[in-house]
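Each residue takes its place number in the sequence, starting with 1.
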Amino acid sequence: MVQYSPARRLDASFAALADVTRRGVLEQLGRSEASITDLAGKFRMTLTGMKKHVGILEQAGLVTTEKVGRVRSCKLGLRRLEEEAAWIERYHQLWAARFDELDDVIEDLKKKEMIDGRKKRK
């Protein structure tokens, strides 16, 4: 497995997860191990195409493969995506705080509008 710095590891993970087929492969391997031939059949693609997808997942540490005879078996890698989840959570918290501030501004504007509306009626 290729060793990346934390920033490059995030890049490799997100690049690997950016493709719908690779996300599907991870879901499939989460249920059970599978050969590249099995995965290619499930996703209706060529062996060469599936090998490329699995290779990208393997480089990111999300999948490991083992060749036994002529069959290459795939299973989930050891990486658990904790760093990626933490990165996403930081941005989730940032945006949640910004939306909370926006809610406060909207509430203040509504109160001001109600007060101004009462003054105009009098």
Side-chain angles (χ1 to χ4, degrees):
M1 181 175 90
V2 177
Q3 295 294 319
Y4 291 115
S5 67
R8 293 206 47 194
R9 194 169 32 244
L10 280 176
D11 291 345
S13 295
F14 286 126
L17 295 171
D19 184 85
V20 68
T21 300
R22 291 191 287 269
R23 290 191 305 271
V25 167
L26 289 175
E27 287 179 31
Q28 178 66 34
L29 295 178
R31 290 189 283 277
S32 66
E33 295 181 16
S35 69
I36 289 183
T37 303
D38 293 339
L39 291 170
K42 178 166 179 47
F43 291 92
R44 296 185 177 140
M45 62 180 5
T46 64
L47 285 172
T48 303
M50 184 53 68
K51 283 180 190 177
K52 288 180 182 180
H53 282 297
V54 169
I56 291 168
L57 290 167
E58 194 169 23
Q59 280 189 323
L62 302 174
V63 167
T64 59
T65 62
E66 179 183 10
K67 190 169 185 178
V68 178
R70 293 176 44 177
V71 177
R72 183 165 292 279
S73 296
C74 307
K75 63 181 178 180
L76 289 180
L78 298 176
R79 299 239 1 260
R80 300 284 184 233
L81 299 175
E82 284 110 358
E83 292 174 42
E84 293 78 0
W87 186 88
I88 291 169
E89 182 57 28
R90 282 193 303 273
Y91 281 92
H92 177 264
Q93 291 173 0
L94 173 74
W95 282 104
R98 287 182 178 182
F99 282 124
D100 289 344
E101 290 174 13
L102 182 59
D103 287 342
D104 294 342
V105 169
I106 291 170
E107 281 302 312
D108 290 344
L109 288 173
K110 284 180 181 178
K111 288 176 186 175
K112 185 176 187 255
E113 189 176 84
M114 286 179 65
I115 292 169
D116 290 346
R118 286 185 198 150
K119 288 180 182 176
K120 288 181 183 177
R121 285 189 221 153
K122 289 183 179 181

What's the verdict on side chain to side chain contact (heavy atoms under 4.5 Å, CB included) for Ile56 and Leu62, showing C-alpha distance, side-chain angles and the deciding distance? CA-CA 9 Å; Ile56 291 168; Leu62 302 174; over 6 Å; no

Check: Lys75 and Leu29 side chains under 4.5 Å, non-hydrogen atoms: no

Heavy-atom pair with the smallest gap, counting every atom of Met50 and Leu39: CE-O, 3.5 Å

Ring pair (Phe, Tyr, Trp, His ring centres under 6.0 Å) pairs touching residues 9-57, sequence neighbours excluded, are Phe14-Trp87

May I have the list of side-chain donor-acceptor pairs in residues 88-110 shorter than 3.5 Å, sequence neighbours left out?
unit_1, atom_1, unit_2, atom_2, d
Glu89, OE2, Gln93, NE2, 3.2

Is a side-chain donor or acceptor of Arg23 paired with a backbone partner of Leu17 at a separation under 3.5 angstrom? yes

For residues Ser13 and Arg79, determine if any side-chain heavy atom of one lies less than 4.5 Å from a side-chain heavy atom of the other. yes

For Ile36, is there any backbone N or O sitting under 3.5 Å from a side-chain donor or acceptor partner on Arg72? no

Taking all non-hydrogen atoms of both residues, which atom of Ala16 and which atom of Ala60 are closest, and how far apart? CB-CB, 4.1 Å

Within 6.0 Å of CZ in Arg31, more than 12 heavy atoms from elsewhere: yes

State whether the side chain of Arg9 and the backbone N or O of Glu84 hold a donor-acceptor pair below 3.5 Å, judged by distance alone. no

Closer than 3.5 angstrom, by distance alone: can the side chain of Arg22 be matched with the main-chain N or O of Leu57 as a donor-acceptor pair? no

Nearest 0.5 Å, what's the CG-CG distance between Leu76 and Leu26? 6.5 Å

Shared hydrophobic cluster, Val54 / Val71 (ILVMFWY, side-chain heavy atoms < 4.5 Å): no

Closest non-hydrogen atom pair between Thr46 and Gly49, with its separation: OG1-N, 3.0 Å

